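Since the structure comes first, as structure tokens, the remarks are kept for the end.
What you see is a predicted model, and the numbers here were worked out from it, not measured in a lab.
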Amino acid sequence: METVKNNREHSDGDSAAFGPEPAVAQTDLSPAVAFVREHLAAQAGAVTISALAAMTGLHQNTVREHLDQLVEAGAATKTKAPSSGRGRPASLYRAIGSPKTGSSEYLGLASVLAAHIDRTSMYPRADGIAAGLDWGRDLAREVAQNRADAEEHTPADERTPAEETLALLDTLGFAPESVTSDAEAIPSDEQAPGADVHSFRLTRCPLLEAAHEYPDIVCGVHLGLVRGALEVFGDSAAESELDPFSEPGACRLHLSGSASGNTHR
């Protein structure tokens, strides 16, 4: 079962203290390129194409193409390593701030759409979840298609559906963090027998302003996104619950059933 809980019952004075931070600027990068950027950003210094290929499991030519896109987008820098004798010096890449984006326009559109659903829908939360389902399915299919086009085995091929979904959320700017198993997150009468429940803190939100104004709709979209991605990644039976603005600095996402297993993020 999928549930969105509205926790916007705090007073005006303390409401800003609950829920996630704004996401970093949205990117126009594909999930495949964002996957390379995630690994690049995790490095303490500049790295070579061969080193990044070893980390990601991708072919060096594929990594080079993705890095070129990152440099063009303003998400990475490219320099030459000091010459060490014969041969051309290797190129060194380093992740930098946020790529060029049209984030303000994107956020404005999200607010307008949420307002339209709020005015015209008899069931705004349900419609938000339905929209999120389509969005999550499309995004997950894009991830799968990019991997198929590369015709390569990558570490991502060994992820569980939940891990794939969490990686997608990370790419979108939710910055999920794993929390210790929480068996009370979903009421016992709604859990499958013997089901494990795992919680994740969503510490950032790419649509935070719209979510504050229309929490049922926007948070419903985000729950639908999770459900749609899990479905495409191979776990349509997973149960999920989202607690918006449930604690200082985060919303809570709960997964139960097969989706909760073997998640190590």
Fill in: Non-hydrogen atoms of Ser111 and Ala210 that approach each other most closely
OG-CB, 3.5 Å

Discussion item. Could you check whether any side-chain heavy atom of His66 comes within less than 4.5 Å of a side-chain heavy atom of Val63, counting everything from C-beta outward?
Written reply: no

Worksheet item: How long is the gap from CD on Gln69 to OG on Ser30, to the nearest 0.5 Å?
Response: 6.0 Å

Fill in: Least distance between heavy atoms, Trp135 atom then Val221 atom
CE3-CG1, 3.8 Å

Worksheet item: In the single-linkage hydrophobic clustering (I, L, V, M, F, W, Y; side-chain heavy atoms under 4.5 Å), do Val36 and Leu92 co-cluster?
Response: no

Worksheet item: Phe174 versus Cys251: any side-chain heavy-atom pair under 4.5 Å?
Response: no

Fill in: Distance (rounded to the nearest 0.5 Å) between Leu139 CG and Phe233 CZ
8.5 Å

Fill in: Side-chain heavy atoms of His254 within contact of Asp243, under 4.5 Å
yes

Discussion item. Would Leu230 and Val226 count as a side-chain contact (heavy atoms from CB on, under 4.5 Å) here? Give the steps.
Written reply: CA-CA 6 Å; Leu230 284 169; Val226 169; 3.9 Å; yes

Fill in: Approximate separation, where rounding is to 0.5 Å, of Thr62 OG1 and Leu52 CG
11.5 Å

Worksheet item: Atom CD1 of Ile217 and atom CD1 of Ile129: how far apart are they, to the nearest 0.5 Å?
Response: 11.5 Å

Response to the item:
Asn61 meets the side-chain hydrogen bond (donor to acceptor under 3.5 Å, both in side chains) criterion, sequence neighbours left out, with Arg64

Worksheet entry | Nearest heavy-atom neighbours spanning Pro248 and Arg201 | O-NH2, 3.4 Å

Discussion item. Grouping I, L, V, M, F, W and Y whenever their side-chain heavy atoms are under 4.5 Å apart, do Val232 and Leu172 come out in a common cluster?
Written reply: no

Fill in: Student check: side-chain heavy atoms of Glu177 and Val179 closer than 4.5 Å
no

Worksheet entry | Stepwise side-chain contact (heavy atoms from CB on, under 4.5 Å) test for Asp68 and Tyr93 | CA-CA 10 Å; Asp68 287 343; Tyr93 295 84; 4.1 Å; yes

Worksheet item: What is the minimum heavy-atom distance between Cys205 and Ala211, and which atoms define it?
Response: SG-CB, 4.4 Å

Discussion item. To the closest 0.5 Å, what do you measure between CG (Asp170) and CD (Glu38)?
Written reply: 5.0 Å

Discussion item. Would His212 and Leu208 count as a side-chain contact (heavy atoms from CB on, under 4.5 Å) here? Give the steps.
Written reply: CA-CA 6 Å; His212 274 297; Leu208 186 58; 3.7 Å; yes

Item to complete: Grab the two heavy atoms, one from Thr48 and one from Ala90, that are nearest each other, plus how far apart they are.
Response: CG2-CB, 4.2 Å

Practice prompt. Would you sort out whether Thr165 and Asp235 count as a side-chain contact (heavy atoms from CB on, under 4.5 Å), showing the intermediate values?
Written response: CA-CA 10 Å; Thr165 300; Asp235 195 353; over 6 Å; no

Discussion item. Would you say that Leu168 contacts Glu164 through its side chain, given a criterion of any heavy-atom pair below 4.5 Å between the two side chains?
Written reply: no

Worksheet entry | Those residues that, when tested against Ser121, pass side-chain hydrogen bond (donor to acceptor under 3.5 Å, both in side chains) (two or more places apart) | Asp127

Worksheet, complete the sentence: Rounded to the nearest 0.5 angstrom, the CG-CZ distance for Leu166 and Arg159 is 9.5 Å

Worksheet item: Does the side chain of Lys80 come within less than 4.5 Å of Ser91's, by heavy atoms?
Response: yes

Fill in: Minimum heavy-atom distance between Arg204 and Gly173, given as atom pair plus value
CB-O, 3.2 Å

